[in-house]
A.B. asks: 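Encoded as structure tokens, here's the structure I'll be asking about.
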Amino acid sequence: MSGLGQLLRAEWTKLRTVPGWIGGVLAAAAVIVGIGLLPGMKGSCGQHGPGSECVLPVGPDGELVSDHFFFVHRPLAGDGTITVRVTALTGLLPARPGEPAGTRPGVAPWAKAGLIVKDGTRVGSAYAAVMVTGSHGVRMQDDYTHDIAGSPGPVSASAPRWLRLTRSGDTVTAAESDDGTAWTTVGSAHLPGLPSIVQVGLFATSPQYAETIHESGMSGSYGGPTQVTAVFDHVTPDGAWTGEAVGDASGVPAGNVERAGGRFTVTGSGDIAPAVTGAAGIGTTVTQTLVGTFVGLIAVIVVAALFITAEYRRGLIRTTLAATPQRGRVLAAKAVVVGSAAFAAGLAGAAVVVTLGQRVLRGNGVYVFPATALTEVRLVVGTAALLAVTAVLALAIGAVVRRSAATVAAALVVIVLPYLLAMTVLPTGAAQWLLRVTPAAAFAVQQSALRYPQVSSPYTPTDGYFPLAPWAGLAVLGTWAALALGLALVQFRGRDA
């Protein structure tokens with residue numbers, strides 16, 4: 001029985017003929033499906049009859065966007081330039097936990113006020129804007145996902161900021177100045193299909209605020225709507241202006257404009273940006289359907305540990321090695337068999353919940369961000385790979401430890417405990433560190449939420465954001481498994497059976 005094929009067949013026979021082992025593999029798939037299809041998360045989307053559906057606007061590039069702000073505008077026919085000076089930026093933030101309910105003075109980091117050229121006032125339409133922000137200096141942004149940094153620093157009466165937008169065909173160019181004389185170009189945006197008549201003017205908006213807190217050994221977040229007020233003057237050209245709120249004002253403070261001669265005081269809330277999920281956004285992602293993976297991993301760890309430690313406990317490892325003296329080949333065959341079984345279980349379970357779990361969530365009124373077919377395939381295959389590599393790591397630990405209970409405990413501490421701590425106990429910084437260096441980094445392969453630097457959000461693991469890219473996180477687990485398998489091989493060859 002020295003051939004690799006025969007050895008693989010023998011190891012597979014061992015796995016499938018032990019009811020507890022094959023049952024554990026099937027249980028891993030079952031819990032992924034069962035937990036993923038449980039109607040646990042609830043929402044209000046579509047639960048109160050017609051008109052209660054949750055629908056996000058779509059931007060020019062097909063992405064979901066947030067497009068709510070207060071707009072003081074007038075039409076611009078053809079090419080033209082608009083200039084303004086910003087002399088103040090103040091705002092309101094939600095009260096902190098333990099403070100009286102209400103608001104407190106403060107400006108959200110990504111609060112925005114400035115000039116905008118927009119294809120009408122339709123939500124989700126194309127635009128280009130130059131703005132001052134709460135904490136990120138001057139920026140040029142266009143079509144929701146594009147962001148260019150200008151000069152840093154806050155704006156005040158003693159340090160005002162001049163802004164300018166120039167339209168030339170489908171190109172909009174942004175510039176800034178300290179004195180209104182010497183101008184610096186911030187950037188340019190090409191807006192294909194921009195109509196001949198657009199709306200231009202002043203705007204103000206301030207996004208949902210969210211802040212992560214860590215108290216009494218538990219992590220959480222708080223937040224709420226915010227508001228910003230900007231003071232403008234030296235608006236050129238002047239004329240008849242219309243003030244209105246763009247977008248759905250539900251749950252967001254109303255905006256307004258006050259004009260005194262050539263001075264405009266504009267207040268607004270909301271955001272002009274890509275839509276995100278999490279504490280500062282809405283809804284959830286398809287990743288939510290895969291919450292059962294955590295429990296499925298435990299079943300896989302137990303099976304993989306017993307797959308090798310049971311042979312030591314019963315003395316059958318001597319029979320195996322007598323039939324196949326090449327110990328490295330034996331260990332490799334066991335890894336291939338248990339890894340393949342775990343991969344098949346993960347593939348089946350993830351395919352079911354990624355397909356059906358979204359329907360369950362939407363049926364419960366939860367808004368689920370749409371995911372591309374490629375993303376869904378990566379989630380399914382990545383989850384299967386997560387289970388497979390975890391099984392190999394647990395097998396390698398078992399080959400070193402040789403005791404079932406100790407192997408299971410060690411594997412849980414190395415793989416599962418860091419994930420549990422990161423999700424429930426540790427502050428964000430420590431949680432992200434664990435999810436970079438421990439095998440739990442592999443959960444990043446299930447991430448489907450996009451992170452945008454110009455959108456305020458905690459972006460914590462509990463909100464579905466991981467510090468590593470999906471396949472990079474899985475590679476961390478793979479590195480651990482490779483190192484453990486190498487150590488196991490050395491031990492396997494150097495110790496008596």
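Side chains included, hydrogens not; waters and symmetry mates left out as well; all remaining heavy atoms used.
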A.B. asks: Where the side chain of T284 meets the backbone of Q288, is there a donor-acceptor pair that is under 3.5 Å apart?
C.D. replies: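 Pair absent, no side-chain N/O of T284 close to backbone of Q288.
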A.B. asks: Could you walk me through whether E11 and R16 pass the salt bridge (Lys or Arg N to Asp or Glu O under 4.0 Å) test, one step at a time?
C.D. replies: CA-CA 9 Å; E11 293 299 330; R16 68 180 177 82; over 6 Å; no
A.B. asks: Give me the atom names and distance for the closest heavy-atom approach of A345 to A29.
C.D. replies: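 Heavy-atom minimum between the residues: O-CB, 3.4 Å.
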A.B. asks: Is the W110 ring parallel, tilted or perpendicular to the H136 ring (thresholds 30°, 60°)?
C.D. replies: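 Geometry flag for H136 against W110: parallel rings.
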A.B. asks: Any donor-acceptor pair under 3.5 Å linking the side chain of T287 with the backbone of Q446?
C.D. replies: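 Present.
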A.B. asks: Do I301 and V416 have side chains that approach each other closer than 4.5 Å (heavy atoms only, starting at C-beta)?
C.D. replies: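 A side-chain contact under 4.5 Å exists here.
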A.B. asks: In Å, rounded to the nearest 0.5 Å, how long is the span from CG of L395 to CD1 of I308?
C.D. replies: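 If I round to the nearest 0.5 Å, the distance is 5.0 Å.
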A.B. asks: Nearest 0.5 Å please: distance from the CG atom of D147 over to the OG1 atom of T145.
C.D. replies: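 Atom-to-atom, D147:CG and T145:OG1 are 9.5 Å apart.
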A.B. asks: So, F466 versus F443, ring centres under 6.0 angstrom or not?
C.D. replies: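 So the answer is no for these two rings.
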A.B. asks: Measure the CG-CG distance between L386 and L297 for me, rounded to the nearest 0.5 Å.
C.D. replies: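 Those atoms lie 5.0 Å apart.
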A.B. asks: Backbone N or O of A475 within a donor-acceptor pair of the T479 side chain at under 3.5 Å?
C.D. replies: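 Pair found, side chain donor or acceptor close to backbone of A475.
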A.B. asks: Taking only Lys NZ, Arg NE, NH1 and NH2, and the carboxylate oxygens of Asp or Glu, determine whether K334 and E311 approach each other closer than 4.0 Å.
C.D. replies: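 Yes.
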A.B. asks: Measure the OG-CZ distance between S151 and R161 for me, rounded to the nearest 0.5 Å.
C.D. replies: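 It is 3.5 Å, given to the nearest 0.5 Å.
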A.B. asks: Determine the minimum heavy-atom distance between G36 and V353, stating which atoms define it.
C.D. replies: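 G36 and V353 have their closest heavy atoms at CA-CG1, 4.0 Å.
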A.B. asks: Is there a donor-acceptor pair closer than 3.5 Å between any side-chain N or O of S125 and the backbone N or O of R122?
C.D. replies: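 Confirmed, S125 side chain pairs with R122 backbone.
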A.B. asks: Could you check whether K112 makes a cation-pi contact with F203, meaning its NZ or CZ is under 6.0 Å from the centre of the six-membered ring and within 45° of the ring axis?
C.D. replies: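 No cation-pi geometry.
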A.B. asks: What I'd like to find out is whether the side chain of E63 reaches to under 4.5 Å of the side chain of V58, using heavy atoms alone.
C.D. replies: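 E63 does not reach V58 side chain to side chain.
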A.B. asks: Look only at the side chain of T205 and the backbone of D271, and say whether a donor-acceptor pair between them is shorter than 3.5 Å.
C.D. replies: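 Yes, because the side chain of T205 sits within donor-acceptor range (under 3.5 Å) of the backbone of D271.
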A.B. asks: Can you tell me how far the CD1 atom of I116 sits from the CE atom of M131, to the nearest 0.5 Å?
C.D. replies: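 Between atom CD1 of I116 and atom CE of M131 there are 7.0 Å.
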A.B. asks: Closest heavy-atom contact between A230 and L89?
C.D. replies: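 Heavy atoms only, the tightest pair is CB-CD1, 3.9 Å.
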A.B. asks: Looking at P467, is its backbone amide N or carbonyl O close enough to the side chain of R436 to form a donor-acceptor pair, meaning the two atoms are under 3.5 Å apart?
C.D. replies: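 Checked: no pair found.
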A.B. asks: Backbone N or O of G124 within a donor-acceptor pair of the D67 side chain at under 3.5 Å?
C.D. replies: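 A pair under 3.5 Å: yes.
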A.B. asks: With under 30° as parallel and over 60° as perpendicular, where do the rings of F69 and F71 fit, or are they tilted in between?
C.D. replies: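 Ring orientation, 0 to 90° scale: tilted.
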A.B. asks: For the pair Q47 (side chain) and C45 (backbone), establish whether a donor and an acceptor sit closer than 3.5 Å, ignoring hydrogens and angles.
C.D. replies: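 A pair under 3.5 Å: yes.
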A.B. asks: Working to the nearest 0.5 angstrom, can you tell me the gap between L393 CG and T390 OG1?
C.D. replies: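 L393 CG to T390 OG1: 7.0 Å, rounded to 0.5 Å.
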A.B. asks: R378 side chain to V445 main-chain N or O, any donor-acceptor pair under 3.5 Å?
C.D. replies: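 Yes.
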A.B. asks: Donor-acceptor check, side chain of Y127 to backbone of Y144, threshold 3.5 angstrom: yes or no?
C.D. replies: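 Checked: pair present.
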A.B. asks: Which one of T277, T285, T372 satisfies the side chain to side chain donor-acceptor pair (under 3.5 Å) criterion with S448?
C.D. replies: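 When T277, T285, T372 are each tested with S448, the side chain to side chain donor-acceptor pair (under 3.5 Å) holds only for T285.
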A.B. asks: Closest heavy-atom contact between P19 and T17?
C.D. replies: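 That would be CD-O, 3.3 Å.
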